[in-house]
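Structure, as structure tokens:
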There are 2 protein chains.
Amino acid sequence: MTEKKHQSTFCCQHSGGNDQACVSLVPIFNHLENDQLNEIMQTVKSVRFNKGEFIYTADDEVDSLYIVSEGKIKIFHLSESGKELLIRVLQPGDFTGELALFQDSIHKGFAQTVIDTQVCVIKRSILQELLLKYPSISLKILAEFASRLEKSEKQTIRYATEKVETRIALYLAECMHITPASNEIKLPVSYKDLASYLGTTPESISRTLTRFEEQGFIKKEKQHVLEILDLDGLLLV
Amino acid sequence: MTEKKHQSTFCCQHSGGNDQACVSLVPIFNHLENDQLNEIMQTVKSVRFNKGEFIYTADDEVDSLYIVSEGKIKIFHLSESGKELLIRVLQPGDFTGELALFQDSIHKGFAQTVIDTQVCVIKRSILQELLLKYPSISLKILAEFASRLEKSEKQTIRYATEKVETRIALYLAECMHITPASNEIKLPVSYKDLASYLGTTPESISRTLTRFEEQGFIKKEKQHVLEILDLDGLLLV
DNA sequence: TGTAAAACTTGACTGTAATCAAGTTAATTG
DNA sequence: CAATTAACTTGATTACAGTCAAGTTTTACA
């Protein structure tokens, strides 16, 4: 059972877990004893979604926590002016729905599968029982929230202060950091979605990556796959 | 004792509380019984900071939760390229330090007083005892984190998708929403800091507000005070 | 209250990146 | 595997907003 550093890394691909294992993949549960895990697994329903299906949409009632056991889900919001913004991409072990469980009980964003996806579903009422029964879960979720908040604020700061070229460079550097073994980066989504995540346009992504390649910082291997040749150079743009 | 909707509203001025009352002002505590509140107040230290002093700076060890009982504190971060970004302004009843308490135990940002400020300090170890003794506090903090996360993501979306003029209009609208009784908005900080919060420059703030005034959306009363004349018009820019 | 400093305003200029458009490549699917 | 669609590339143009500079107003404080 591998410990994950963060939820929604957005960079590299994880190997999928099986239906039963999804609970044990999640940081908020994987500190529990085996028999406690088994007890939780009993209460979990496994559901399959086809590519492009919505798990939930904005304004839906929140009544469940969704854990990805296989596949990929993108979470996006609509801005005040109707533009789409990708918030994160969930991979196996990541989860969603937790925010609204403690807050408004209405979803603010959209969750849509990128490929065929298997999710584990925990009902709100069952989760609340679990929080009472195992208080350590609350602390885990607090840590998870703190981590998410930190990431979100970091992202906010980047949007507000860095230019597009720098944001793209920082994004690539972050991907490298997550898979340090290899210099190869596999983008989890299309340029269109990546542009939406980085607050720019597909054209700008294309131009910038081409420029990075001309400058010898990266090499485009094939669609969605890049090789980082000069990380330090990249971070000095 | 008034209930506050959010931490760090960043828009309107609150009336200050006294030393003893600060604990009861905070959403994470104000659901507790009076004798429980009194117990917590015993453990709290009250500290005074002069204008411009730092409560903490980035890379400081985290060992306390700070609750503002009087005054104003700005929380800002530095971006990768060294630019300053204002994250929020704390007013009486708001608190800071909670994030790192559950996470890295190192501060990522800076907390600096804007005017002379009185804060209540709760030591990390005491807060942790409180969390064990009163589990409902954890749930309150979870809700608080959820709210903060939602706000942060909303702000992120704005930076990423809206132009400066729209961001300023949305900011003003939000201030209106917090003080619906009056059409008057009192900006909590200088244009320089507001620009840092909205990811723009003081010049752009000045120009935009002048344009809004020419268009009849607002009226500049005096420095830091605006009157909103046409909220709907403002939101259609 | 007078002086210095800070905050704000306005103008001119510049650069980044968005938009629009058309063409190319890659992926999907019947 | 061919056909259709989606994704990406490249170019030309535009505009938003940042920067620099100089002047004005307001605030702070000695």
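As the structure is a prediction and not an experimental result, all values here were calculated from the model. Protein chains get the first letters and strands the later ones, always in sequence-line order, with residue 1 at the start of each.
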Checklist line | Charged N-O contact under 4.0 Å between A:E98 and A:R148 | finding: yes
Item checked: Gap between atoms CG and P, on A:L198 and C:dT16 respectively (whole Å) -> 18 Å
Checklist line | C:dT10 phosphate, OP1 or OP2, under 4.0 Å from B:T210 side-chain N/O | finding: yes
Next item on the list: Hey, could you give me the NE2/OH distance between B:H224 and B:Y191, rounded to the nearest 0.5 Å?
Entry: 7.5 Å
Item checked: Distance, rounded to the nearest Å, where B:I168 contributes CD1 and D:dC16 contributes P -> 14 Å
Next item on the list: Determine the stems involving DNA chain C; a stem requires 3 or more consecutive pairs of the Watson-Crick or G-U wobble kind, each with both distances below 3.5 Å, and the answer is none if no such run exists.
Entry: C:1-30 with D:1-30
Next item on the list: Starting at CE of B:M176, measure out to OG of B:S182 and round the result to the nearest 0.5 Å.
Entry: 7.0 Å
Next item on the list: Provide, to the nearest angstrom, the distance between the CG atom belonging to A:L194 and the P atom belonging to D:dT9.
Entry: 12 Å
Next item on the list: Would you kindly compare B:I205 and A:R211 by the position of their nearest DNA chain C nucleotide and give the one closer to the 5′ end?
Entry: B:I205
Item checked: Letter per nucleotide, 5' to 3', of nucleotides 20-30 of chain C [B base touched, S only sugar-phosphate touched, - untouched; heavy atoms, 4.0 Å] -> B-----SS---
Item checked: From A:N183 atom CG to A:I218 atom CD1, the distance as rounded to the nearest 0.5 Å -> 12.5 Å
Note to self: Need one value for B:K192: base, sugar-phosphate or nothing, where a base atom within 4.0 Å counts as base even if backbone is also close, heavy atoms only.
What the structure shows: sugar-phosphate
Checklist line | Separation of atom CG in B:L187 from atom P in D:dT26, rounded to whole Å | finding: 16 Å
Next item on the list: Output the residues of residues 224-237 of chain B in contact with DNA chain D, where contact means a heavy atom of the residue under 4.0 Å from an atom of the strand; sort by number or write none.
Entry: none
Note to self: OP1 or OP2 of D:dG18 versus the side-chain N and O atoms of B:T200: is any pair under 4.0 Å?
What the structure shows: yes
Checklist line | Parallel, tilted or perpendicular, as decided by the 30° and 60° cut-offs, for the rings of A:F54 and A:F110 | finding: perpendicular
Next item on the list: Kindly check if the number of other-residue, nucleotide or ligand heavy atoms within 6.0 Å of NZ (B:K45) is above 12?
Entry: no
Next item on the list: Check for a donor-acceptor pair, side chain of B:S204 on one end and backbone N or O of B:T200 on the other, with a separation under 3.5 Å.
Entry: no
Item checked: Spacing between B:I115 atom CD1 and D:dA28 atom P, to the nearest angstrom -> 11 Å
Note to self: Less than 4.0 angstrom between a side-chain N/O of B:S204 and OP1 or OP2 of D:dG18, yes or no?
What the structure shows: yes
Notebook entry, point to check: What distance separates B:L187 CG from B:Q223 CD, expressed to the nearest 0.5 Å?
Noted result: 10.0 Å
Notebook entry, point to check: Parallel under 30°, tilted from 30 to 60°, perpendicular over 60°: which one fits the rings of A:Y56 and A:Y66?
Noted result: tilted
Notebook entry, point to check: Rounded to whole angstroms, how far apart are CG on B:N50 and P on D:dC29?
Noted result: 12 Å
Check: Quick one: is C:dA18 close enough that its OP1 or OP2 comes under 4.0 Å of any side-chain N or O from A:T201?
Finding: yes
Margin query: Nearest 0.5 angstrom please: B:I55 CD1 to B:L90 CG, how far?
Written below: 9.0 Å
Notebook entry, point to check: Does a nitrogen or oxygen in the side chain of B:K220 sit under 4.0 Å from OP1 or OP2 of C:dT9?
Noted result: yes
Note to self: Nearest whole Å is fine: how far is C:dG15 C1' from A:E165 CD?
What the structure shows: 13 Å
Next item on the list: Round to a whole Å and report the spacing from NZ of A:K163 to C1' of D:dA17.
Entry: 15 Å
Next item on the list: Identify whether the distance between the nearest side-chain nitrogen and carboxylate oxygen of B:R158 and B:E174 falls below 4.0 Å.
Entry: yes
Item checked: N-O pairing of B:K108 and A:E153 below 4.0 Å -> no
